[in-house]
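Here is the structure we will look at.
Just so you know, these numbers come straight off a predicted model, no measurement behind them.
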2 protein chains.
Amino acid sequence: MTIGDAAKASGVNAKLIRYYESIGLIPAAGRTAAGYRVYSSSEVNVLRFVKRARTLGFSIERIQILVGLWQDRSRSSAEVKRVALDHVAELEAKIAELRAMSDTLTHLAHACHGDERPDCPILRDLEEGGGNCCHEPPP
Amino acid sequence: MTIGDAAKASGVNAKLIRYYESIGLIPAAGRTAAGYRVYSSSEVNVLRFVKRARTLGFSIERIQILVGLWQDRSRSSAEVKRVALDHVAELEAKIAELRAMSDTLTHLAHACHGDERPDCPILRDLEEGGGNCCHEPPP
DNA sequence: CCTTGACCTTCCAGTCATTGGAAGCCTTAT
DNA sequence: ATAAGGCTTCCAATGACTGGAAGGTCAAGG
């Protein structure tokens, strides 16, 4: 199997496979006499594992850990679970951050007429730093 | 006002102010005889605007548009609203993506015993590509 | 007057996970 | 023989910063 075949079989771009090899995420593939990389089905399985993990948003660093655990017969499921839950915590933090942004902007956009006039609460918020909301009376 | 003062006043790092200038997000500041950048309060206002917009997750590209609209007296609020809603749409798309990841992983982690044994549904999912979920019977 | 320390300047490099391109070699088919 | 397509390496770019090195400038204190 050449790198192109492995790419098709795993769903990971050939370019990306080389990159993963270069950063040490996957071990260096074998080579033909001409220098072409050669892949076995077990190496394709690793690539598929990596791809699925990326799809779930794991960082390369954590995927390295997961691959290590995957190939370690004496692993404990607790280790795997901890890595996964650490990632979930990061995802939730990011979601909360984006949620706050979206809610604020949605609120502002709702208050904006969206017509041909220049007056706009969105710009007013950006101008004032969002410190004083239009709905809260001054103390 | 030197760049350090402007940084304190705006909340934007001096290094970042230079970066914003280098990419053309803000116009080049005036200079003293010695070459130090000089800022007026109106320039600090622009920096604050940019900072607030970044806090809301706007890209530099969109902030450029927003600053332009902000300083355009003949703008229509509709234009501003469209930029904001485009961004909200992107935020929501990203949130949905992260939500899906988090939910999948939370589900898998829940199914994982998290003890000293090696058996782990999380690794099984990564291995199999998440294609066949444990709870769905085969057709 | 000189030094110290805090500022300012520019430029270069690295982050993260890719993606793109250029230049050149190898294999297969016509 | 040649053309197409795949493979190789290396370099550069993405977005939005952040860090550091090397050197110039300014105000205060000895």
Smallest separation among heavy atoms of [X] and [Y], with atom names:
X       : Y        : value
B:Leu66 : A:Leu123 : O-CD2, 4.1 Å
B:Arg73 : A:Pro118 : O-CB, 3.6 Å
B:Leu85 : A:Ala109 : CD2-CB, 3.6 Å
A:Val44 : A:Met1   : CG2-SD, 3.8 Å
B:Ala14 : B:Ile3   : O-CD1, 3.5 Å

In chain order, what residues pass the side-chain contact (heavy atoms from CB on, under 4.5 Å) check against B:Thr104, with sequence neighbours excluded?
-> A:Arg52, A:Leu56, B:Leu108

In short, ring pair (Phe, Tyr, Trp, His ring centres under 6.0 Å) pairs touching residues 46-88 of chain A with sequence neighbours left out are A:Phe49-A:Trp70, A:Phe58-A:His87

With sequence neighbours left out, what residues match [X] under salt bridge (charged side-chain N to carboxylate O under 4.0 Å, His left out)?
X        : result
B:Glu90  : B:Arg62
A:Glu97  : A:Lys94
A:Asp115 : A:Arg117
A:Asp5   : none

Which of these passes side-chain contact (heavy atoms from CB on, under 4.5 Å) with A:Ile26: A:Val67, A:Leu47, A:Val12?
-> A:Leu47

Note: contacts of residues 37-51 of chain A with DNA chain C (heavy atom, under 4.0 Å) are none

Go through residues 86-94 of chain A and report each residue with a non-hydrogen atom lying under 4.0 Å from DNA chain C, sorted by number.
-> none

Please give the angle, rounded to 10 degrees, between the axes at the start and the end of the helix from C:dC1-D:dG30 to C:dT30-D:dA1, where five pairs define each axis.
-> 40°

Contact boundaries of DNA chain D with chain B (under 4.0 Å, heavy atoms), 5' to 3'?
-> D:dA16 to D:dC26

From CA spacing to verdict: side chain to side chain contact (heavy atoms under 4.5 Å, CB included), A:Met101, B:Thr55 = CA-CA 8 Å; A:Met101 292 174 180; B:Thr55 299; over 6 Å; no

In B/S/- notation, 5' to 3', how is nucleotides 16-30 of chain C contacted by protein heavy atoms closer than 4.0 Å?
-> -BBSBB----BS---

Which residue pairs pass the side chain to side chain donor-acceptor pair (under 3.5 Å) test when at least one of the two sits in residues 24-46 of chain A, sequence neighbours left out?
-> A:Glu21-A:Arg37, A:Ser40-A:Ser42, A:Ser40-A:Glu43, A:Asn45-A:Arg48

If only atom types and distance count, is the side chain of B:Ser102 paired as donor or acceptor with the main-chain N or O of B:Leu98 below 3.5 Å?
-> no

